[in-house]
Every structure is written in structure tokens, then in C-alpha cells.
Amino acid sequence: MASADEWRQTACILCECNCGLEVQLGGPGGGHIEKIRGDRAHPASQGYACEKAHRIDHYQNGPDRVTAPLRRRGDGTFEEIDWETAIREVAAGLMRVRDAAGPETIFYFGGGGQGNHLPGGYAAGTMRALGAVYRSNALAQEKTGEFWVNGRMLGAPVRGDFEHAEVALFVGKNPYQSHGMPRARVTLKEIARDPARTLIVIDPRRSETAELADIHLQVKPGRDAWLLAALVGVLVQEDLLAHPWLAEHATGTAEIAAAFRAIPVARYCEIAGVAEDLVRRTARRLAAATSVAVAEDLGIQMNRHSTLNSYLEKLVWMLTGNFGKPGAQYVPAMLVNLTSSAPDGVAGAKPARTSPVVGARIISGLVPCNVIPDEILTEHPKRYRAMVVESGNPAHSLADSRRMREALGALELLVVIDVAMTETARLAHYVLPAPSQYEKYEATFFNFDFPANAFHLRRPLFPAPPGTLPEAEIHARLVEALGFVTEADLAPLRAAASEGRAAFAQAFFAALAANPKLERVLPIVLYRTLGPTLAGGAAAAAPLWGICQLFALHHGDSLRRAGYTGENPGEQLFDAILANPSGVVFAVDEYDASWRRVRTPEGKLQLVIPELLAELAALGLDEPPASAEFPLVLSAGERRSWTANTIFRDPRWRKKDADGALRVSAADALRLGLRDGGRARLTTKRGSVETVVEVSAMMQPGHVSLPNGLGCTYPDEAGRLRRPGVPPNELTASEDRDAIAGTPWHKHVAARLEAIE
Ligand SMILES: Nc1nc2c(c(=O)[nH]1)N[C@H]1C(S)=C(S)[C@@H](COP(=O)(O)OP(=O)(O)OC[C@H]3O[C@@H](n4cnc5c(=O)[nH]c(N)nc54)[C@H](O)[C@@H]3O)O[C@H]1N2
Ligand SMILES: Nc1nc2c(c(=O)[nH]1)N[C@H]1C(S)=C(S)[C@@H](COP(=O)(O)OP(=O)(O)OC[C@H]3O[C@@H](n4cnc5c(=O)[nH]c(N)nc54)[C@H](O)[C@@H]3O)O[C@H]1N2
Ligand code: SF4
Ligand SMILES: [Mo]
């Protein structure tokens, strides 16, 4: 182990940025992360880290780590079992369900959180070995609507270059707290300080980002569709479009112009609650800028008209010509595209396009999270009967916790792979414990930067606790127990690997050609054969070898520009990843690379999506009806300085706001007799909770806001289970979801609030 004052490289795992960190270990037995600073050598974060990173030891030394496989007894309590028994029984249980009801009744959820994406690859192997075809993860309760729109408009994922943008527009996103781009606060402050640049925020709340903004369009909650339609309406009606650019790069401009010429801008602004003059000035500023970068997030993605909103947001930057140039939108070169719409499931089988029971649209291979209970709680012969949950906590994090618990409880088999005893694990038949992300090799594929893009393979800081197994090993053992790969398949490859990389490559491709079924379990084959030859116990990183080879094949130019100019640049990249503890740049692009990644038939941006133009036409001139029973709009799940999804289960990591107060405007507080720090009862059609109240100048009347990630159960010092704060999904309903993508309306829950004496 390292000496106490040695700085070691790792990363923060609390949000998609995964900022590089340098840490010193210490405390009892050297088992704690004691000193933490941003790692200047990290190519993306360059030394940046926000305040939350300093609390990661509360994850590493969380109070309810699981350190032996658990099996549920008939009375609902758990007993510890050994790994051999656990793997044998889980494999047998999955085969039983497969043989009795069909492989498509085995459902996979998860695969990684904000910092750990290697497990998803291994799990795909296990699922393909079983023949399972349906899966989902948290992206299918936030981003799938946007993915669907991207698929239709350009056939590729897209991001904004805020660092160089003249104008930055955030729609339903509060990057000052939630980040979602490298060094967010530095970039936001630079834009805000520079008189030549303009920061625009669309948010009903005076968020920290809105506070910095030059223009804050303080929309009424849930009315973004009218606001964005008005914005596009002004662009069209005042003829602010980038005509020559559109003629060259887009299809459907005339049809879009026709659709938006009819938008009653004044009335739509009124419905949205934003002054028409401000909307017009905003449209003109966007049109006049040399570059505009735009990002949308949960404020519209978990709201009414969410897919329509994603579409309107993209029309704003497309119609003003903001793609494929500095400071505008781009398509990054990705090692692994987590957002692809590529068919998945059984090799060679027709891809599943809708869910088996309710027929919900599957986007990027993901079943909408909100339909999962409907897919289980039914007599339908193709209902899901077994579920493997890995690094996800559907019983807490998905809509409608009560119904989700009922659904999970109705499964014939629920297997949870996690580090902690989560709400979902408590319902499982088997809990398989994994080492924490600081006890194994781990990485994320949230690599979205441009023109240079970086990847970071993190090394373990601590030995894994005895009794845990890394996901790679769990899945390898499961696939072996299923009888899908045998020692006879692996031995020749292992022998070749011991002779060197070149011999291995040759043997590997020959084995794939001779035995195509191995393709279904590639990560596991690589882990078992190439893995043991990697120095430092990096076996779990072996699939990156294949990923690097594929990247070299498809993105040779980006790789060469990043300095990998040898004879075998894929091999060179893999070695660099293994050798560099702070991460490496794996792609460098020129700005026109984005155009080459557009996958539409003509290579142009496709402006027209008929389904969404129909939804636009149906918006109407009337205010959405108000409810007398539930007059308030609750946003259930705001990101704050002291929230990090459910990665920390122990509330002691929070220095402030320990109970996650409900934010309420002064006007509503006065009307309802609430005081700052007092308590209130918050009720929706689905549930009723008690909460602490914070009277906040951020809120507009009629809008209240709860943080996300609270209300996790954890054992206190005396071993009693505690649940501080409100678990937001006790208040949400699975039927409240977008018609196209099935994404939830978490930011728009009708609610009532009463003071508690
Ligand atoms: N501190 C912290 N950071 C995080 C996370 C965390 O848990 N804590 N989680 C990470 C994850 S998983 C994600 S997905 C991102 C999410 O990041 P964000 O989407 O930026 O975070 P939220 O606070 O959920 O929502 C953003 C904003 O939407 C606004 N909003 C609410 N209703 C509406 C509406 O009707 N219209 C509009 N336009 N806006 C509305 C809210 O007021 C809020 O300011 O954050 C990531 N970063
Ligand atoms: N009402 C409401 N609900 C929401 C939101 C909201 O705004 N409002 N936000 C949603 C969003 S955007 C997201 S992304 C989700 C996030 O919700 P989840 O997908 O549940 O994600 P996390 O909180 O990131 O936790 C994932 C799990 O990974 C486990 N874990 C950590 N490290 C490891 C590891 O190394 N291996 C394994 N196997 N497990 C590990 C943790 O213990 C945890 O149980 O929540 C969603 N839920
Ligand atoms: S929470 Fe996000 S922005 Fe903050 S240090 Fe961690 S990875 Fe970086
Ligand atoms: Mo998320």
C-alpha cells in the first residue's frame, strides 16, 4: 500500500463529469480518503473539483456496505451464503425462468451510475448468454426523449461547446449545481463576466445559474412548450433564420417556417408567463450571435411535453445555424456510445422495438422506466418474471415507489448487485456485493468533450473487502455457471495471451470466426483471457482492448490527431490508458468532424418531425387547467450543493440542509401560514409526506421544489434504520409520463401543502 502522504490519482464519482482527483489515504487502518484536491493532470477537469468531491469518503465508508452474498429467507430476513452457492443458485434461478417462460421475461436494469460503466458491458454478456432482450436504466427516465429527437434530426448525440460560445442557453438546467459540463462554474462565470457574451437561462426558479444570467426567462412551471414555440415563432416571423446555411445543411426549412408562421407569439408568451418583449429580444440575441451553445436537462425532460420541448430546443440552434463550428453544437468522438439506437439483445435476432406488455417505444435499447411496473403487474404471458438490478435503485429512484415495490415484490426472482443495502436490495431474493468504485478498476463512458475528448481508467485505492466480487468476476462466473463458455473455449486464448498482444489478437479473431457465440460474451472472454496478463490486477479493464481496436477502426483520424500514430494505434491507446493514472486524450477533432458524424440519409439536419409538429399544433390558446384539489406544482428532485443522487446513503455527508427542505415562495408561505424552518404536509394524488420548509426567494408563487436523493434508509450507530428527508418518488405516479418517450413528469407533480402546527 501507499505511504500516507502520497497523492494518488482517482476521480469523483458524483456526477457525469467525473473530475480527476488526487487523494491521500489515512485514518484507521489507512481505510479512509482523507485529503482531496483536483488533479491538474486530468485532461478534462484540469484541477477543477466542486465542494461535493471532498465528501467521497462517506461513499467509501458508507454505513450499509454489503460484504457477503445474501439470500432472502421465507420470513423476509437475509442470511449470508458463500459465493459458490450464490452463483449456482442465481444461475439456476435465471435458467428456470428462461426455460419456463422464455428468455424475454428476464429483465436487466442498471449497468452503472455516474462513475461506473464497466459493469454494464459485462452484464450485457450475461444477458446475451441467457437470450434476454429487454433492459433499461436511469437514462430512460430522463434522456430518451432527447435521444429520440437527436436520432430523427441528425442520427447522432449532440452537445454544446460552452467554453467558446458567444451565447449560452440553458433550458431546465442548473449547471452551477448539477454541472454536466467540464469546469462548469468557471465557464459560467467567464460568460457572465464578459460583456460580449450572453448567458440565457429558462427556468421557473431563480436558480444559481439564473442568478448569474444576463437574461432569465422565468417561465411558469411546465409551460416551456409555449415559450420555446414562441421563441422559434419569433425567429421565423422576424425572419431571423440562417437562410444560406440552412439551404446547404438542412432539410424541411420551408415546412418549419410554415408551421411557426402561425404561432400566436403574444398569446404563447402570456401562457408561458414571460414578457413578449423579453422573448423577442432573446430571439434576436440568439440570431445575431456568432455562436450559440445550448443544453437542456431535467427541467424540461421530466416535464409536460418533454419530447416536444427537446425538439423545439434543437430547432432554436438549428434554425440559427449553430452546428459544427466553434462555440456551437458538436458530435463528439466516443469510445462507447451509451446513447446509441443500435439494435441489441440476441445476436442476429430482430431488435425489440416496443415493450412486450404495454407496447411502449424502446429508445436507445431502453424500456421506459415508468412502464416497468406495468410490464410486471399483469397476467400477460410475456410479463417480466425475473430481474437483475445492478448499480441502480429502482425502488427509490424511479417513479411511484409504492407501485415499484409492489412490482419488484411480484417477481419470481430479483437479483441485486450493489455495494450497499439499498431499498431495492431489501426486496431482492439475492444480493451480490461488489467492491466500491475505489476498490477496483473502474471508468465511465460519459466522455463527451470536443475537439479533444478524454478517457480515464481509475485504479483501485483500496483492496476489495473479502466477501465482495467485482462485477466482471460475478458475470464471468454466472456465464460459466450457465454453461455458455467453457474452459475449452478459453484455454487457447489464454495461452495466446501469454505469448503477447499480437499472438492474442490473431487467436482472438480466429476464435470469433470459428465460434460466433463468443461474440455475445466478448467482455467476459477478454476478462478471462487477456485480463490476467494485464499488470497491476487490471483484468477488469480487458474489454477496453476491444473498444480501443474498434475506435481505431472507426475514428482513425481522431486517434492519430491525438498522437497515436504508431503501426497499431488501437493497441497504443489501450497501453496509454493502462499506463496513465490521470486519464488520456483519445480523440482530437477538427470542427467539421461533426458533419461527418451526422447519420441522416442526405447528411443534413432534418428539421421536420411530423409527430411533434402535430403535438405543437395541439398546444392551443388556453392555459392548462388548474386543479382545485392540488393547486401547486411540485418539482420533485432538485439538484443542490448537498445532493448526489443516492450515492451517499449516510446523511452525515451533508453540512447543511440535512433534511432536504421543500423550497416555497414567500407569497405561498404567507398564504399558507408556513414559516422558514417549520414543517408542512405535502400531498399529491399518490402520497403524503411531512417535510421541512425553506422560504426561498428562488421560487415563484405556485411552484415548490424538493431535492433529489433524500429519504434513503441507512442504519445509524445503534443499527436502527433511519430515513431522513423525503423520498421524492413516494409522491410521483408511473402513469404521468410523456406520450412518446415515456419519460416521467417529476418536475411537474400536482400538489397541495398544509402547515403542521
Ligand atoms: N449536486 C448534484 N449534481 C448532480 C446530481 C445530483 O444529484 N446532485 N445529479 C446528476 C444527474 S443524474 C443529473 S440527470 C443532472 C440533472 O441536472 P439538472 O437538470 O440541471 O438538475 P435539476 O435541479 O434536477 O433541474 C434543473 C432545473 O430545472 C428547473 N425546472 C423545474 N421545473 C421546470 C420547468 O417547468 N421548466 C424549466 N425550464 N425548468 C424547470 C429546476 O428549477 C432546476 O433549476 O445533475 C447531475 N448533477
Ligand atoms: N423524483 C425524482 N426521481 C429521480 C430524479 C429526480 O429528479 N426526481 N432523478 C433521476 C435521475 S436523473 C437519475 S440519474 C436517477 C439516479 O438513480 P439511480 O439510477 O438509482 O442511481 P444512483 O443514485 O446513481 O445509484 C445507483 C446505485 O449504484 C450503487 N453503486 C455505487 N457504486 C457501485 C458499484 O461500484 N457497483 C455497483 N454494483 N453498485 C454501485 C449505489 O449504491 C446505488 O444503489 O434518479 C432518478 N430519480
Ligand atoms: S460532483 Fe461533479 S463537478 Fe463536482 S467534483 Fe464531482 S464530478 Fe466534479
Ligand atoms: Mo440523471
Side-chain angles (χ1 to χ4, degrees), residues 11-21 36 38 42 44-45 48-56 59-60 62 64-66 109-120 123 136-143 175 177-185 297-299 301-302 369 389-401 416-425 432-440 442 444 446 468 470-471 474 634-639 641 643-649 706-709 711-712 726-732 743-747 749:
C12 175
I13 58 162
L14 301 180
C15 86
E16 69 165 56
C17 295
N18 295 122
C19 297
L21 301 179
I36 297 167
H42 191 276
S45 57
Y48 180 91
C50 78
E51 72 284 2
K52 294 188 294 299
H54 294 274
R55 315 297 286 170
I56 52 174
Y59 160 78
Q60 173 57 25
D64 49 3
R65 289 287 300 275
V66 188
F109 184 86
Q114 302 295 302
N116 55 323
H117 294 159
L118 292 182
S136 193
N137 62 39
L139 290 170
Q141 48 87 67
E142 48 175 324
K143 299 280 173 286
Q177 290 300 10
S178 64
H179 289 82
M181 58 197 220
R183 305 164 65 247
R185 290 173 186 168
D297 216 333
L298 305 184
Q301 291 175 344
M302 291 182 168
C369 295
V389 175
E390 181 171 53
S391 198
N393 188 4
H396 180 278
S397 305
L398 301 187
D400 216 330
S401 297
V416 170
I417 304 172
D418 206 294
V419 299
M421 201 61 192
T422 65
E423 288 68 21
T424 308
L432 306 181
S436 84
Q437 296 176 46
Y438 297 114
E439 296 162 350
K440 64 192 171 204
E442 202 37 286
T444 73
F446 283 153
T468 63
E471 290 84 352
I474 294 175
L634 163 70
S635 285
E638 181 195 317
R639 270 66 186 164
S641 184
T643 71
N645 290 349
T646 65
I647 302 161
F648 297 121
R649 304 184 61 79
L706 268 179
N708 79 311
C712 291
V726 174
N729 291 308
E730 300 295 336
L731 299 168
T732 58
T743 41
W745 294 342
H746 289 333
K747 303 296 179 197
V749 185

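Excluded from the calculations below are hydrogen atoms, water molecules and symmetry mates; all remaining heavy atoms, backbone and side chain alike, are included. For ligands, and for the atoms within them, numbers begin at 1 and follow the listed sequence. All of these numbers come straight from a predicted model, not from anything done at the bench.
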Among all the protein's non-hydrogen atoms, which is closest to [atom], and how far away is it?
{"atom": "atom 4 (C) of ligand 2", "result": "S397 O, 3.4 Å"}
{"atom": "atom 41 (C) of ligand 2", "result": "D418 OD1, 3.4 Å"}
{"atom": "atom 19 (O) of ligand 2", "result": "A138 CB, 3.8 Å"}
{"atom": "atom 38 (N) of ligand 2", "result": "E471 OE2, 2.9 Å"}
{"atom": "atom 28 (O) of ligand 2", "result": "S391 OG, 3.1 Å"}
{"atom": "atom 3 (N) of ligand 2", "result": "N729 ND2, 3.1 Å"}
{"atom": "atom 11 (C) of ligand 2", "result": "Q141 NE2, 3.3 Å"}
{"atom": "atom 35 (O) of ligand 2", "result": "K440 NZ, 2.8 Å"}

| message | I want to confirm something. Looking only at heavy atoms, which of K143, R639, Q301, H746 is nearest to atom 12 (S) of ligand 2? | response | R639
| Out of C369, G110, P728, A636, who gets a non-hydrogen atom closest to atom 6 (C) of ligand 2? | A636
Can [X] and [Y] be counted as having a side-chain donor-acceptor contact under 3.5 angstrom?
{"X": "N393", "Y": "E423", "answer": "yes"}
{"X": "Q60", "Y": "E439", "answer": "yes"}
{"X": "E51", "Y": "S641", "answer": "yes"}
{"X": "D400", "Y": "N729", "answer": "no"}

| query | When you check the gap from the basic side-chain N to the acidic O, do K440 and E471 get nearer than 4.0 Å? | reply | yes
| note | So for L21 against ligand 3, with non-hydrogen atoms under 4.0 Å, the contacting part is neither
Can any side-chain N or O of [X] pair as donor or acceptor with the backbone N or O of [Y] at less than 3.5 Å?
{"X": "N137", "Y": "F109", "value": "no"}
{"X": "Y438", "Y": "I56", "value": "no"}
{"X": "E442", "Y": "L118", "value": "yes"}
{"X": "K52", "Y": "C15", "value": "no"}
{"X": "R639", "Y": "G637", "value": "yes"}

| Going by chain and residue number, what protein N/O/S atoms come nearer than 2.8 Å to atom 4 (Fe) of ligand 3? | C50 SG
| field | A644 near ligand 2 by a heavy-atom separation under 4.0 Å | value | no
| task | Kindly determine whether Q141 and Q301 satisfy side-chain contact (heavy atoms from CB on, under 4.5 Å), including the steps that lead there. | result | CA-CA 8 Å; Q141 48 87 67; Q301 291 175 344; over 6 Å; no
